[in-house]
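Have a look at the structure below, then the notes.
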Amino acid sequence: MRVRGASRRDRLSEVFLSEQLSPDELIGDWRDYLRSHESAPASDADELEDRLRNVMAALSRAGLTPDEAFLVAVRRLGAVDEATRRFLQAPADQSSRKGSPVRPGAGKAVLVRRADLFAVIGLAAGAGLSVKLPALFGIPMSDANEAFYLRNAALFALPWVFAYFGWQRGLTRRCWIAAGMGFAAVALVLNGYPLDTSGQTFVLAVLHSLMVCWALVAVAHTGGMWRSAGRRMHFVRFSGELFIQYVLIALGGGVLTALSLFAFQAIGIDAELLAQQWLLPCGAAGAVVVAAWLVDAKQSVVGNMAPVLTRVFTPLFAAMLVAFLVTMLTTGRTVGADREVLIGFDLLLVVVLGLVLFAVSARNPQGGPSLFDGLQLTLVVAALIVDLLALAAISSRIGEFGFSANKLAALGENLILLANLSGTAWLLAGFLRGNRPFRDLERWQTAFLPVYSGWALVVVAAFPPFFAFG
């Protein structure tokens with residue numbers, strides 16, 4: 001007997017133990033729900049169904065039964081598609097077939113699966129390290145070898161993007177072999193032809209090799225069904241969104257590089273060569289894989305960009321701050337007290353606070369602790385230590401030169417940041433231990449917004465007359 005209004009995930013046992021609906025029937029139930037509850041065109045539903053079936057096929061090859069493959073695939077799709085998420089959560093009697101099952105807990109959207117995350121990290125690292133691979137064969141990155149790296153630019157990143165989609169779409173061995181031969185042929189042509197680097201054909205070959213390699217990526221993106229007009233059009237849209245994502249990640253990477261150089265320079269260490277030889281080229285290649293993953297996950301370029309970039313840059317900034325602190329500890333160097341240094345550290349702390357705020361605003365308050373929350377705690381604790389170092393430098397400068405408008409403003413801002421970061425670290429630690437709800441952290445962050453506004457008002461209204469308008 002069916003309980004009216006029961007959610008689909010509560011119907012798992014009943015459906016598969018009694019009704020035994022086939023995967024095609026279940027997909028039809030899902031399509032009927034989208035047709036009756038969504039105003040999206042049928043072509044979008046076709047693309048979603050293609051994706052659903054691709055994931056189901058890959059899961060079936062991995063050993064899951066057809067019904068299990070459907071359950072897992074529809075849960076993944078629900079994590080990135082709002083209509084499917086509503087389908088998972090809706091009462092079972094609201095669809096035409098009345099009984100679409102979902103594994104218990106499937107209504108909770110999970111934006112990043114651990115397997116996907118590890119795969120993307122590994123592939124992005126592979127793309128980054130491939131840029132350094134020629135150095136092992138006597139071709140280091142230098143002005144003399146600039147032409148070599150230009151002609152092989154597409155081969156450093158795009159095979160790894162192909163590997164991501166090939167893994168996600170469950171490509172056949174035949175597609176893998178054909179694509180491998182295609183990339184190898186491009187490499188042989190670019191490096192085997194005696195191209196004159198000052199001639200027109202060199203530039204044409206480099207530019208068009210990007211197009212050839214991108215066509216191979218299209219084969220993987222379409223799941224090997226590159227003849228489908230609908231899938232090709234979807235790949236065109238994907239390409240445009242990827243460009244936007246990559247530009248935004250590159251801008252964030254530029255900020256990360258600049259702040260990293262500043263932080264190490266503040267303790268007398270020149271990290272410019274490290275940035276030029278490793279951070280920028282490896283990051284540029286790895287970012288292509290990350291951007292492809294983000295676009296494929298159907299993140300909204302307009303509405304969800306800030307929280308998406310937060311998830312990308314939180315671990316990067318955490319790693320940078322930890323590396324900076326470890327370097328300080330091992331070298332015995334201290335933070336300088338110059339005004340530019342103090343301004344730079346305040347900017348760094350503001351960026352960290354922005355990452356925390358965006359992460360809090362985008363998070364599901366009912367969700368449990370995750371790996372990302374642990375990364376956030378690492379970032380906050382590292383930023384807290386940096387803030388204490390900055391406060392020590394400000395105090396030293398005030399003791400040596402006395403108060404000024406800049407030093408007093410910096411002192412106030414750093415004290416507010418100290419209070420905010422301290423409370424954030426305490427509440428995040430409590431949440432990770434299961435002692436505090438995530439709502440406490442939300443309330444803490446929103447409570448500090450008027451504090452920052454109030455201090456800004458003081459600086460604007462009171463500082464000029466207090467310092468004789470000087």
Side-chain angles (χ1 to χ4, degrees), residues 79 108-125 128 245 248-249 252-253 255-257 259-260 263 279 282-283 286-287 289-291 293-294 297 299 304-329 345 347-388 417-418 420-442 444-445 448:
K108 299 178 181 178
V110 180
L111 294 180
V112 180
R113 294 189 309 118
R114 181 165 297 184
D116 289 349
L117 182 61
F118 288 161
V120 169
I121 291 174
L123 292 170
Q245 292 271 20
L248 291 171
I249 291 176
V255 173
L256 172 64
T257 302
L259 289 175
S260 299
L279 190 58
C282 295
V289 180
V290 175
W293 166 59
L294 292 175
Q299 301 290 351
N304 289 333
M305 184 52 57
V308 169
L309 293 180
T310 296
R311 285 190 169 269
V312 172
F313 284 103
T314 290
L316 295 179
F317 271 87
M320 184 270 286
L321 287 178
V322 170
F324 168 71
L325 294 173
V326 170
T327 302
M328 279 191 61
L329 182 63
F345 272 110
L347 178 61
L348 174 60
L349 293 171
V350 168
V351 171
V352 171
L353 180 64
L355 290 173
V356 173
L357 284 171
F358 282 126
V360 170
S361 66
R363 196 188 192 285
N364 177 12
Q366 279 73 45
S370 65
L371 174 64
F372 183 75
D373 296 312
L375 290 173
Q376 267 199 302
L377 180 59
T378 302
L379 175 65
V380 170
V381 171
L384 186 58
I385 297 173
V386 170
D387 191 21
L388 290 171
L417 284 169
L418 178 66
N420 189 334
L421 293 171
S422 299
T424 300
W426 177 263
L427 293 171
L428 260 177
F431 173 67
L432 288 170
R433 292 193 304 266
N435 298 332
R436 285 183 173 274
F438 191 80
R439 291 286 187 189
D440 288 353
L441 182 59
E442 282 188 332
W444 176 259
Q445 291 297 338
F448 258 85

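Keep in mind that this is a model prediction, so the values were computed, not measured.
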Over all atoms of both residues, closest heavy-atom pair of L432 and S370: CD2-O, 4.2 Å

Gap between atom CZ of F438 and atom CG of L441 - 0.5 Å precision: 5.0 Å

Greater than 12 external heavy atoms within 6.0 Å of W444's CH2: yes

Heavy-atom check, side chain of Q445 versus side chain of N420, under 4.5 Å: yes

Flag side-chain contact, heavy atom, 4.5 Å: D440 against P437: yes

Distance-only donor-acceptor hits, side chain of residues 313-328, under 3.5 Å, sequence neighbours excluded:
{"residue": "T314", "atom": "OG1", "partner": "T310", "partner atom": "O", "Å": "2.7"}
{"residue": "T327", "atom": "OG1", "partner": "A323", "partner atom": "O", "Å": "2.7"}

Closest non-hydrogen atom pair between E442 and V360, with its separation: CG-CG1, 3.5 Å

Which atom of G128 lies closest to which atom of C282, heavy atoms considered: O-SG, 3.2 Å

Minimum heavy-atom distance between I249 and A287, given as atom pair plus value: CG2-CB, 3.9 Å

Student check: side-chain heavy atoms of V312 and L294 closer than 4.5 Å: yes

Heavy-atom closest contact (P369 atom, F431 atom, distance): CG-O, 3.5 Å

Considering all heavy atoms, the nearest V351-L259 contact: CG2-CD1, 4.3 Å

From T424 atom OG1 to F448 atom CZ, the distance as rounded to the nearest 0.5 Å: 7.5 Å

Nearest-0.5 Å distance that lies between atom CG in L417 and atom CG in D387: 5.5 Å

Pairs flagged by salt bridge (charged side-chain N to carboxylate O under 4.0 Å, His left out) wherever residues 366-385 is involved - sequence neighbours left out: R363-D373

From CG (L418) to CG (L388), nearest 0.5 Å: 5.5 Å

